[in-house]
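Report on the following structure.
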Amino acid sequence: MDRLQGMRVFVRVAESGGFAGAARALSMSPAAVTRAVAALEAVIGARLFIRTTRSVKLTEAGGRYLEDCRRILAEIAEAEATAAGSTATPTGVLTLTAPVQFGRLYVLPVVTDYLARHPAVAVRALFLDRIVNLIEEGIDVGVRIGHLADSGLTATRVGSVRRVVCAAPGYLERHGVPETPRDLRDHAVIGASIPGALPEWRFGPEGRTTVGVHARLVCNTVDASLAAAVDGWGIARLLSYQVAPAVAEGRLRILLSEDEEAPVPIHVVSPEGRRAPAKTRAFVDLAAARLRADPRVNPAA
């Protein structure tokens, strides 16, 4: 502990540009600050400062040591914050975001379970079909479907979903079943003007096969596209979790499954990582466990 205190004093002297300023910042006497730095120099066997009557400057060794001390002290602070966060009782308001339908079907049950486990926490759930900037909008946790950009967020992968082509049995009886992706050009297609939707549909593990689709019906919500497909108007392309209930009930059939793209990952993301407060860490841990155990979003479960 004496060595750590010596490091803290040394860093403060370097940042303050003098012993007197460091003494005031640390509520220590100038003599105590001088003794702490001298003791540190004696332990490491090198001078850290060049002292004159007018200034205190770092030596070359002192400059290198300063960076190491800052790193070590930061790691200690992070470790302490992690330990405190893992044992503290979750409290406060947790704000989270997820895509609308995924949030309703899969995240909301996690939220209600979380609230039952942690009575000192309230949750504000924002279900939005857009990418939310967690830091700018003050959000603690987000659920992201898709490949992540390099954003600096801490991400926990919890599963994956597929982009699937589907249609109602009645539509297929009237118009036939497409055998290849290019057959879609001869079918009624339901398009989407939602985030991530493309004017062409990609197929194959690496998405190298593209089919330009001309949709006579374009919907701006998943629910509307799904409803039109179930009603037999045409063929839609949606995520597997979005169509799972209708497929299970026989109201939709999945088509061209052998030509699908690689699955799309699902992550739980947060901006604070290991320094996150207890309320955030508890939710991330619970959401990861619940979603990983759900075969609808994690086929390996």
(request) Report the C-alpha distance between F102 and R144 in whole Å, list the side-chain angles of each, state the deciding distance to 0.1 Å, and finish with yes or no for side-chain contact (heavy atoms from CB on, under 4.5 Å). (result) CA-CA 10 Å; F102 191 87; R144 296 274 171 86; over 6 Å; no
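- Put simply, V9 and V11 are part of the same group of oily side chains (I, L, V, M, F, W, Y) that touch within less than 4.5 Å, one to the next.
- Residues Q101 and L239 have side chains not in contact (no heavy-atom distance under 4.5 Å, counting atoms from C-beta outward).
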(request) With side-chain contact (heavy atoms from CB on, under 4.5 Å) as the test, would you mind laying out the steps for L256 and R237 before giving the verdict? (result) CA-CA 11 Å; L256 305 173; R237 194 182 195 211; over 6 Å; no
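- Here Q5 contributes atom CD and M28 contributes atom CE; the two are 5.5 Å apart, rounded to the nearest 0.5 Å.
- Looking at every heavy atom in both residues, V297 comes nearest to L291 through CG2-O, 3.3 Å.
- Between the T97 side chain and the L126 main chain, a donor and an acceptor come within less than 3.5 Å of each other.
- Of the candidates V284, L148, T154, V269 forms a side chain to side chain contact (heavy atoms under 4.5 Å, CB included) with just one, namely L148.
- Checking side-chain atoms of T59 against main-chain N and O of R47 turns up a donor-acceptor pair under 3.5 Å.
- By the 6.0 Å contact criterion, CD on E249 is enclosed, its count of non-hydrogen atoms from other residues, nucleotides or ligands being greater than 12.
- The cluster map of Ile, Leu, Val, Met, Phe, Trp and Tyr, joined by side-chain heavy atoms under 4.5 Å apart, puts L255 and I190 in different clusters.
- Without hydrogens or angle criteria, D129 side chain to P99 main chain gives no donor-acceptor distance under 3.5 Å.
- Among residues two or more places apart in sequence or in another chain, the salt bridge (Lys or Arg N to Asp or Glu O under 4.0 Å) test is passed with R51 by E41.
- At a threshold of 4.5 Å between non-hydrogen side-chain atoms, the residues V107 and F127 count as touching.
- For CZ of R24, the number of neighbouring non-hydrogen atoms (other residues, nucleotides, ligands) closer than 6.0 Å is 12 at most.
- Across all non-hydrogen atoms, the minimal contact from G176 to P178 is O-CD, 3.8 Å.
- Using a 4.5 Å cut-off on side-chain heavy atoms (C-beta onward), W201 and V189 make contact.
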(request) Any chance you could lay out the side-chain contact (heavy atoms from CB on, under 4.5 Å) test for V247 and V164, step after step, and finish with the verdict? (result) CA-CA 11 Å; V247 171; V164 299; over 6 Å; no
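- Separating the CG atom in L66 from the CZ atom in R70 is a distance of 4.0 Å, to the nearest 0.5 Å.
- With rounding to the nearest 0.5 angstrom, the CG atom of D2 is 11.0 Å from the CG atom of L40.
- Counting only residues at least two apart or on different chains, the side-chain hydrogen bond (donor to acceptor under 3.5 Å, both in side chains) pairs with a member in residues 164-177 are Y171-H187.
- Counting heavy atoms from C-beta outward, R296 and L105 have side chains that stay 4.5 Å or more apart.
- To the nearest 0.5 Å, atoms CZ (R163) and CD1 (I145) are separated by 10.0 Å.
- Taking each heavy atom of Q242 and L226 in turn, the nearest pair found is O-CD2, 3.6 Å.
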Atom pairs and distances, donor-acceptor, side-chain atoms in residues 115-125, under 3.5 Å, two or more places apart:
| residue | atom | partner | partner atom | Å |
| --- | --- | --- | --- | --- |
| R117 | NE | D113 | OD1 | 3.1 |
| R117 | NH2 | D113 | OD2 | 3.4 |

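- Rounding to the nearest 0.5 Å gives a distance of 14.5 Å between OH of Y114 and CG of L108.
- In this structure, Y65 and F10 have tilted ring planes: the angle between them lies in the 30° to 60° band.
- Nearest approach of F203 to D259, heavy atoms of both residues: CB-O, 3.2 Å.
- Criterion: ILVMFWY side-chain heavy atoms under 4.5 Å apart, direct or through other members. Under it, L58 and L73 are part of a common hydrophobic cluster.
- Between D183 and E179 the shortest heavy-atom distance is OD2-N, 2.8 Å.
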(message) Could you walk me through whether I254 and R162 satisfy the side-chain contact (heavy atoms from CB on, under 4.5 Å) test, starting with their C-alpha distance in whole Å, then the side-chain angles of each, then the deciding distance to 0.1 Å, before giving a yes or no?
(response) CA-CA 11 Å; I254 292 179; R162 297 148 42 220; 4.0 Å; yes
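- Separation of atoms CG (D285) and CZ (R290) is listed at 13.5 Å; rounding is to 0.5 Å.
- Each of I235 and W233 belongs to its own hydrophobic cluster when Ile, Leu, Val, Met, Phe, Trp and Tyr are linked at side-chain heavy-atom distances under 4.5 angstrom.
- For the pair R64 and E60, the salt-bridge criterion is met [side-chain N within less than 4.0 Å of a carboxylate O].
- Here the closest non-hydrogen pair linking A236 and A229 is CB-CB, 4.0 Å.
- If you chain together hydrophobic residues whose side chains sit under 4.5 Å apart, V222 and L217 never meet in one group.
- Under the 4.5 Å side-chain criterion, counting only non-hydrogen atoms from C-beta, D223 is not in contact with V100.
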